[in-house]
Structures are given as C-alpha cells and as structure tokens.
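So the structure is just underneath, and the comments pick up after that.
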Amino acid sequence: MTTPLSSEKANHARYVILGAGPAGLTMAKMLADRGIEEVILLEASDKVGGKCLSSEIGDHIVEFGTCYAIWSHKYILKQMKKLGIKRNFLRAQRIDDRELMDYIRDGSGPFFLWQVFKYLRLRGRLMSRAESNDPEVNATLAQPASDWLRANNLGKIENMMHRVVTSIGYGYLNRLPLIHAFRWVDFNMMVTGLLKFTVMPDGGWQHFWNRFAEGLDIRLKQGATRIHRDSAGVRVVTADGAEFSGDQLINTIPMDAFCKLTDPSDAETRIAESIDWGGYTTSLLSVANWPHDVPVNAWSDTCATDANDGQILFSRFECDDEDKRQLFTVGQLSSAYGLDELTELALFSAQERGAADPRLVQQIVWSYMPTYKADAVRDGLIAAMAEMQGENRTFHSGASFSHEAVSTISSFNAQLLAKVAP
Ligand SMILES: Cc1cc2nc3c(=O)[nH]c(=O)nc-3n(C[C@H](O)[C@H](O)[C@H](O)COP(=O)(O)OP(=O)(O)OC[C@H]3O[C@@H](n4cnc5c(N)ncnc54)[C@H](O)[C@@H]3O)c2cc1C
C-alpha cells in the first residue's frame, strides 16, 4: 500500500493529510487524479478506512461500521467499478416488519410524491443560502428537523426520516438541527428509495478501502501528536517522534482532537466548541430464533421523534453460526449509557421484539455523528466553516464538515478540491 517518495524527500510533500479514513483517502485520490502525487497521509491506526470494521464469520462478512452505499455514493460506486469490486444488493428493508412505503403513507399531510416535490423545493432554496450567513436561514437550519417538517405539513417525509435518518444512527428528529437532515436527505436519497438501490461492496468495506488506497503514500501508525504552522510551511510530529513537513495541511480528524495538537485559530476553536459527538454502538447478537423474513428491519417506536437513546434501532440478519443459532447485527444510539447498560438494553430490547434467547457475541462503540449545536448554527456556523478553509495553510474535511456518510464526504471533497488545488 505504501509507496514512499525518494529517500531525501521521504517526509516532505506538498500536501500532508491527517487521517486515512474516507475523507483523507478520497481527497488524496482526487489530488492524484489531478496529477498531484506529492501527498503524504498520516494515519494513527494500523489500517486505512476509518470507521469501518469488517469482521469475517466463515465466508460471511459482518460490517460493524460503514455498511451501505446508496445512489448518493456516486464517486464511490464509480471507484468500485474501476477496481472491479462487485456490488451486492441489500434486499428488502422494512419497518415494524411492514413495507417502508406503507409506514411512510401513514404520515400526515398530502400524498407522498407531492410532499417529496415540496420538500426538495424548500430544501433547495434553503441549502443554496446555507453559507450566506443570513440570520433567517441560519435560524431555520438550526431548528429541530421535526418542527420544520410539521410546520410545512410534511408528515410523510417525517415518517420516511424515522427510517433513513434516525434508524441508521443520525439522531432523533426532535433534537437534530434541520441542516443535518437536509444534508443527508436530498434528491439522491429519494432516488435510492424509488429504485431500492442499497449495496455493499463484495468482500466488505475494509477490502474496498485497502484496494482504493493502493498507490497512495500512507504512513500507518503515525498519529500526529503536534502540528506547527507558520509562514515556512507545516510540520507534523508523530507519536514515535518522526517529523513530516508540507506546504499545506488537510485535516480530516475531528476538530476537537485537532485543536489539541496545535495552536488553533479562533475559527478552529469555535468549530470545536460547536459540535457534539453522539455515541453509536454496533452489537452482534446470537439468537435461538428471531422470525424476520427480510434482512433489515427497523422499529417505529424506537425511531420515533420522542424515543430514548439505548433501544435497538434496527436489526440485520447476518448468517447462522456453527451452533445453528442466528446472528443479527443491531445498532443503538449510546452516548447516554455505559457498556454494561448498553448490553443489557440491547438484549432486553431484542427480546421485547421477539428474539428468543439473545446473547452478545461482539460489540463496538463508535464516536459517531457530529451534531452541530443549534445555537452555533443560528450564530452563523455554516458560513464560518466555509470561510475558514485555507487559513493557516489548512483545509478541513471529514464527517464534521459534510455529514457522517462516505457519499457526502466525497462530494464535499470534490468541491473543496477547487480551493485546495485551484
Ligand atoms: C456504525 C456505523 C455505520 C455506518 N454506516 C455507513 C453507511 O452505511 N454508509 C456510509 O456512507 N457511511 C456510514 N458510516 C459513516 C462513515 O463510516 C463515516 O462517515 C466515515 O468513516 C467518516 O470518515 P472520516 O474520514 O471523516 O473519519 P473517520 O472514518 O473517523 O477517519 C478518520 C481517520 O483519522 C485517523 N486519526 C485520528 N486521529 C489521528 C491523528 N492524530 N493522526 C493521524 N490520524 C488520525 C483515525 O484513525 C481514522 O482512520 C457509518 C459509521 C458507523 C460508525
């Protein structure tokens, strides 16, 4: 995977990228596709791909992190094709073991297609002005998503978001500022729903990222511990004392962690203070029996607007284990609980939903879903995030600058590229 530069230049490049997760990797690849190969990626862990964990059980792969690509993942789907990686389609998905469309139709207001057009029109207008720092737009984007949906009589879109926003861990609509729902639920999301286009890369996401990273200059186990930026350039010191330098820095790690490594600018400190990180736990359960006849099922009561963290949001059937018990993955919003409580809640919640004798097999807790504080959005956070790009020789990307999905991250990078390498 690592192709070092010539020895005397080995630790110097035009661009130093912090983090070899989806944001760092896609930015490095986009730069390489522009003919810019003087790029070093510094990665703290011993693997690429960031929040992706593909665990092999026999010939089946369980994804504990990144799972799906949808119609919005255009860049990633193109790369899968280029790499000759097959896409496996996720078959039916349901909510309360019912067709999702039936659940959506139960929502209030006029018929669904009309609501889709109205939603996309209003969203388009607001998002085109998201960076304008207009107080009225800021206030709208700061309000809880459900307040805005209800004020606009979009009850069916609200029901749709129970599945496509809350059940996949993006937060409860009565707490989530509208900007987050808008970033994720766009035209491409509607197309995904219509075409039922949800895929997973054959061999798993870790395999995809390993292949994607081929040819990039990635230094694994080189977590940045100190960053200096001045008129001469950028210098990054890593845990083992190695030093890397460059003309520009591209940061893809969370801003609160970044600020601890450097003398942050006022704008960087402001962003770090404006973001809450939710917790998300993925657990693999073994059950004697759980009669679901579709691979993925979510529950309306745990995804509803006023539900509590900790209950399971969805279940995905994986495969049978060697004792002929069934393996299911479940997900929980988890920032309010400790590990033991989460396990208890997962087992209890599964049992309540018909799982016979559930047992925990494997569990991982992620720091997941950067959520902007409503007050910060109202005070012009979105405009500030756009304005700060390039200051102090630094560009910022990653989940907290777009949305916690590989699709939005790569689309964001495609736009940022015009500023990074004009
Ligand atoms: C359970 C779960 C399910 C998900 N499902 C999907 C899905 O179905 N589809 C989808 O598109 N997205 C999904 N996501 C979201 C997706 O995984 C993230 O949005 C994406 O990984 C974020 O990429 P990133 O590069 O911004 O950050 P990360 O993935 O967090 O990568 C950051 C990288 O920086 C490294 N790093 C941290 N500190 C340092 C340092 N000091 N120096 C050097 N390196 C450092 C980290 O080790 C990491 O590799 C899911 C996430 C989770 C947790």
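Both counts, for ligands and for their atoms, begin at 1 and track the order of listing. Counting from 1, the numbers follow the sequence of the chain as shown.
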From [atom], work out which of [options] has a heavy atom at the shortest distance.
atom	options	value
atom 11 (O) of ligand 1	Arg219, Met200, His73	His73
atom 52 (C) of ligand 1	Tyr368, Tyr280, Trp184, Phe64	Tyr368
atom 17 (O) of ligand 1	Thr198, Thr66, Thr408, Val365	Thr66

> Does Leu261 reach ligand 1 with a nitrogen or oxygen that is under 3.5 Å from one of the ligand's nitrogen or oxygen atoms?
Replying inline: no

> Hey, is ligand 1 close enough to Ala23 that some N/O pair sits below 3.5 Å?
Replying inline: yes

> Heavy-atom contact under 4.0 Å between Gly65 and ligand 1?
Replying inline: yes

>> Measuring from non-hydrogen atoms of Pro22 to any atom of ligand 1, is the shortest distance under 4.0 Å?
In response: yes

Quick test: of every protein heavy atom, which one is nearest to [atom], and how far off is it to 0.1 Å?
atom	answer
atom 36 (N) of ligand 1	Ile253 CG2, 3.6 Å
atom 48 (C) of ligand 1	Glu43 OE1, 3.5 Å
atom 41 (N) of ligand 1	Ala224 O, 3.3 Å

> Tyr368 ring centre to Lys51 NZ or CZ under 6.0 Å, with the angle to the axis within 45°?
Replying inline: no

> Using heavy atoms and a threshold below 4.0 Å, how should the contact between Ile409 and ligand 1 be classified: side chain, backbone, both, or neither?
Replying inline: side chain

>> Let's go through Asp217 and Arg219 carefully: what are the C-alpha distance in whole Å and the side-chain angles of both, what is the deciding distance for salt bridge (charged side-chain N to carboxylate O under 4.0 Å, His left out) to 0.1 Å, and is it a yes or a no?
In response: CA-CA 7 Å; Asp217 183 356; Arg219 315 298 174 94; 2.6 Å; yes

